[in-house]
Structures are given as structure tokens and as C-alpha cells.
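Only this structure's heavy atoms are used, side chains among them; waters, hydrogens and symmetry mates stay out. From a predicted model like this one, the values you see are computed outputs, not experimental measurements.
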Amino acid sequence: MTKGLSIELAALALAGMMIFAGCSGGSLTTREKGAGIGALGGAAAGGIIGATVGHPAAGAAVGGALGLGAGALVGDYMQGQEQQQYQYNQQQIQQNQGTIDRNNQQIQRSKQAEY
């Protein structure tokens, strides 16, 4: 194995270990998932690009860092959208529950008026 390839494999192994260590605290947020996917994709792309110029480890490091930042931004945006959707759904549930409660009260008044 060449020195560049062994360094690249070590960097990927380290990234994998960090991701699995981060998973031990509970489920990942959308932001964290985006950052992880971006970092791995960026490291892979950077390693390939870096290999073409003779510096795969440096390419993987730069690509991983850029991918991490971009993935975190995309994940943050997606997480914000999820939170907005959750809040909208909760408002709809509350409105529907209010309608159900009013209808139940009206049914009870109708039953009492019959007797």
C-alpha cells in the first residue's frame, strides 16, 4: 500500500469512528446527519481530486472540511423546515380538538333538550 492511500484510509477510519462515537448519545438531528453526510462525501470527493494532483490526504481533509460545513448548512435548513411543519401540525391539531369539543358540547345540549 502506498503512503498516500494508507493516510487516506486512516482519515476515513477516523471519520467513521467519530461518527459512530457521536451516535452513542442518542439519535442524530437532521443537522448532524447533514454534516456527517457532507463530511464523508466531501472527504471522498476531495480524496479523489487530491489523488489526481498527488495529495489525496490533503484533498480528503479539505474536502471533508468543506463538506462538513455545507452539509451542516443544508441539514440546518432542513431541520428548520421540520420544526415549522411540526408547529403547523400542532396548531392544526389544537384547532381540530377545539372543533371536536364544541361539537361534543352541542351534542350534549341537544340530548339534554330532548329529555
Side-chain angles (χ1 to χ4, degrees):
M1 215 178 340
T2 65
K3 182 179 178 184
L5 183 59
S6 64
I7 291 173
E8 186 175 319
L9 288 175
L12 288 175
L14 179 62
M17 287 187 293
M18 289 186 330
I19 287 172
F20 286 116
C23 293
S24 64
S27 63
L28 296 175
T29 65
T30 303
R31 180 183 304 125
E32 292 167 341
K33 289 176 189 175
I37 291 169
L40 290 177
I48 292 169
I49 293 169
T52 62
V53 295
H55 300 288
V62 170
L66 292 174
L68 175 69
L73 288 174
V74 170
D76 186 54
Y77 174 78
M78 291 174 64
Q79 187 170 338
Q81 293 297 311
E82 288 174 355
Q83 288 174 343
Q84 286 179 348
Q85 185 65 42
Y86 177 79
Q87 289 173 352
Y88 175 78
N89 290 341
Q90 290 302 312
Q91 289 173 347
Q92 289 298 112
I93 289 170
Q94 289 174 353
Q95 288 175 359
N96 291 344
Q97 187 61 48
T99 301
I100 290 170
D101 292 342
R102 284 189 302 278
N103 289 342
N104 284 337
Q105 290 171 358
Q106 195 171 28
I107 290 169
Q108 291 300 321
R109 285 192 299 267
S110 295
K111 285 182 181 180
Q112 290 173 353
E114 289 177 4
Y115 299 114

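- Between Gln90 atom CD and Gln95 atom CD the span is 12.0 Å, to the nearest 0.5 Å.
- Annotation: side-chain contact (heavy atoms from CB on, under 4.5 Å) contacts of Asp101 (sequence neighbours excluded): Gln97.
- Between the side chains of Gln108 and Asn104, no donor-acceptor pair of N or O atoms lies under 3.5 Å.
- Counting all heavy atoms, side chain and backbone alike, Glu82 lies closest to Thr30 at OE1-OG1, 2.8 Å.
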Report task. Output, in order, the C-alpha distance, side-chain angles, deciding distance and verdict of side-chain hydrogen bond (donor to acceptor under 3.5 Å, both in side chains) for Gln92 and Asn96. Result -> CA-CA 6 Å; Gln92 289 298 112; Asn96 291 344; 5.0 Å; no
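- Distance check, rounded to the nearest 0.5 Å: CG of Asn89 to CD of Gln94 gives 11.5 Å.
- Taking both residues in full, the closest heavy atoms of Lys33 and Leu28 are given as CE-O, 3.5 Å, listed atom of the first, atom of the second, then distance.
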